[in-house]
Amino acid sequence: MIAEDPANPDLLFVGNDHGVYVSIDRGAHWTRMNNTIPNIPIRDIIIHPRTRDLLLGSYGRGIFVTNIAALEEMSGAMLAKEVHLFATRPAIQRVIWSYGANDYLFGQHQLQTPNEPNGMVIRYYLKTATTGPATIAIANAAGQEVARLQGRSTAGVNEVVWNMRYPGGRGGGGGRGGAGGGTTIQGPVSSDPIAQWLPLGDYTVTLSVAGQTLSQKATIARTQGWSLGIRPQIIR
């Protein structure tokens, strides 16, 4: 089974009896990408055109999903750079506790599977590891810094997840893979997660590492989920 990426025709995926392989140069070189996939046959490959997710159907071991937006930007020229900041997908603020945090009282009544990170995913590439820190600053449309994260400085593709919240509230201004601090905007002191979220709109992500500074535009597109003030009604 072979699939060509709809956004980058040089990006190919092959599924065979030992997993999945990827090529960024239209098949000249292949790399196995079974990072979390056991040694199993892959029978179907779909690339979602909107979310840029790679969906893999295995033989008897379920479905595997991963986002390949960073792979779509990869090329020989990109890999030759010392530092590269990938484009950031529009992010969604998600209300994940739909039943007032009682989701986990239903036992096996509700199917639960791991989801993608609940935040803005910021990825960057380092050709070689550096000894200094990698700093990611996020500013709003007015140029005011709203968050500052510390990422890894290891070779390859690194990732931080920004929770898109005001600093100082629950969750602070950091996120997975990064720590908050050094921000200038302070948000409301509230236990309501919705009140802690920053406004929808455009932001700028700036990466500083290895003596280089790179920026990309980013967007908080919408808020998704139940309002915490609404509870289901029982109709008798």
Side-chain angles (χ1 to χ4, degrees), residues 7-8 50-53 67-75 77-95 116-127 129-130 132-190 193-225:
N8 180 2
R50 175 174 55 83
T51 62
R52 300 305 189 217
D53 286 336
N67 183 260
I68 58 170
L71 287 177
E72 290 181 335
E73 292 187 45
M74 284 190 176
S75 64
M78 193 229 83
L79 294 175
K81 297 179 181 179
E82 293 297 326
V83 182
H84 179 78
L85 177 61
F86 294 99
T88 301
R89 290 192 300 164
I92 299 172
Q93 298 167 331
R94 290 187 172 91
V95 181
E116 63 179 347
N118 189 23
M120 180 180 289
V121 179
I122 302 167
R123 296 187 177 100
Y124 55 96
Y125 164 79
L126 299 178
K127 185 176 181 180
T130 65
T135 302
I136 300 93
I138 298 101
N140 61 18
Q144 299 169 309
E145 185 177 300
V146 296
R148 180 174 288 264
L149 313 176
Q150 297 295 323
R152 298 185 305 169
S153 300
T154 57
V157 178
N158 296 278
E159 175 184 293
V160 296
V161 180
W162 176 41
N163 58 22
M164 300 178 289
R165 299 190 181 193
Y166 285 104
R170 186 173 64 188
R176 195 188 75 183
T183 57
T184 58
I185 296 295
Q186 296 297 317
V189 178
S190 172
I194 292 181
Q196 298 168 12
W197 274 327
L198 283 150
L200 306 183
D202 295 331
Y203 292 80
T204 300
V205 175
T206 301
L207 168 69
S208 299
V209 63
Q212 296 194 39
T213 301
L214 303 174
S215 295
Q216 285 276 10
K217 294 296 182 181
T219 301
I220 301 177
R222 58 194 173 101
T223 301
Q224 182 184 70

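Because the structure is a prediction, the values reported are computed rather than measured. Start at 1 with the first residue, then count along the sequence.
Going from atom CD of Glu82 over to atom CG of Leu126 covers 9.0 Å, rounded to the nearest 0.5 Å. Within the model, atoms CG of Asn158 and CD1 of Ile136 stand 8.5 Å from one another, a figure rounded to the nearest 0.5 Å. Here Tyr124 contributes atom OH and Leu207 contributes atom CG; the two are 6.5 Å apart, rounded to the nearest 0.5 Å. One distance of note links CD1 of Ile68 with CE of Met74; it measures 11.5 Å at 0.5 Å rounding. Rounding to the nearest 0.5 Å places CG of Leu149 at 8.0 Å from CG of Asn163. To the nearest 0.5 Å, atom CD of residue Gln224 and atom CG of residue Asn118 are 9.5 Å apart.
Taking the side chain as every heavy atom from C-beta outward, Lys127 and Val83 never approach each other to under 4.5 Å. Taking 4.5 Å as the limit, every side-chain heavy atom of Phe86 sits out of range of all side-chain heavy atoms of Glu72. A heavy-atom distance below 4.5 Å is not found between the side chains of Tyr166 and Val146. Within the 4.5 Å cutoff, the side chain of Arg148 has heavy atoms near those of the Thr135 side chain.
Among all heavy-atom pairs drawn from Gly119 and Val161, the shortest one is CA-CG1, 3.8 Å. In terms of heavy-atom proximity, Val160 sits nearest to Gln150 at CG1-O, 4.3 Å.
Checked against salt bridge (charged side-chain N to carboxylate O under 4.0 Å, His left out), Glu73 has no partners two or more places apart in sequence or in another chain. Under the rule for a side chain to side chain contact (heavy atoms under 4.5 Å, CB included), the partners of Ala142 that lie at least two apart in sequence or sit in another chain are Asn140, Gln144. Lys81 pairs by the side chain to side chain contact (heavy atoms under 4.5 Å, CB included) definition with His84, not counting sequence neighbours. Residues passing the side-chain hydrogen bond (donor to acceptor under 3.5 Å, both in side chains) test with Arg123 are Asn67, Glu159, sequence neighbours excluded. Remark: Ala155 engages no residue in a side chain to side chain contact (heavy atoms under 4.5 Å, CB included) (not counting sequence neighbours).
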N/O donor to acceptor pairs below 3.5 angstrom from side-chain atoms of residues 199-206, sequence neighbours left out:
{"unit_1": "Asp202", "atom_1": "OD1", "unit_2": "Thr219", "atom_2": "OG1", "d": "3.0"}
{"unit_1": "Tyr203", "atom_1": "OH", "unit_2": "Pro199", "atom_2": "O", "d": "2.7"}
{"unit_1": "Thr204", "atom_1": "OG1", "unit_2": "Lys217", "atom_2": "NZ", "d": "3.3"}
{"unit_1": "Thr206", "atom_1": "OG1", "unit_2": "Ser215", "atom_2": "OG", "d": "3.0"}

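Arg89 contributes a side-chain N or O that, together with a main-chain N or O of Thr51, makes up a donor-acceptor pair within less than 3.5 Å. Remark: side-chain polar atoms of Tyr125 are paired, donor with acceptor, to backbone N or O of Leu79 under 3.5 angstrom. Gln216 contributes a side-chain N or O that, together with a main-chain N or O of Leu85, makes up a donor-acceptor pair within less than 3.5 Å. The backbone N or O of Leu198 lies less than 3.5 Å from a partner atom in the side chain of Gln93, making a donor-acceptor pair. Distance alone, capped at 3.5 Å, is enough to place a donor-acceptor pair between the Ser153 side chain and the Gly132 backbone.
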Practice prompt. Could you check Thr88 against Trp162 for side-chain contact (heavy atoms from CB on, under 4.5 Å), going step by step and ending with a plain yes or no?
Written response: CA-CA 11 Å; Thr88 301; Trp162 176 41; over 6 Å; no
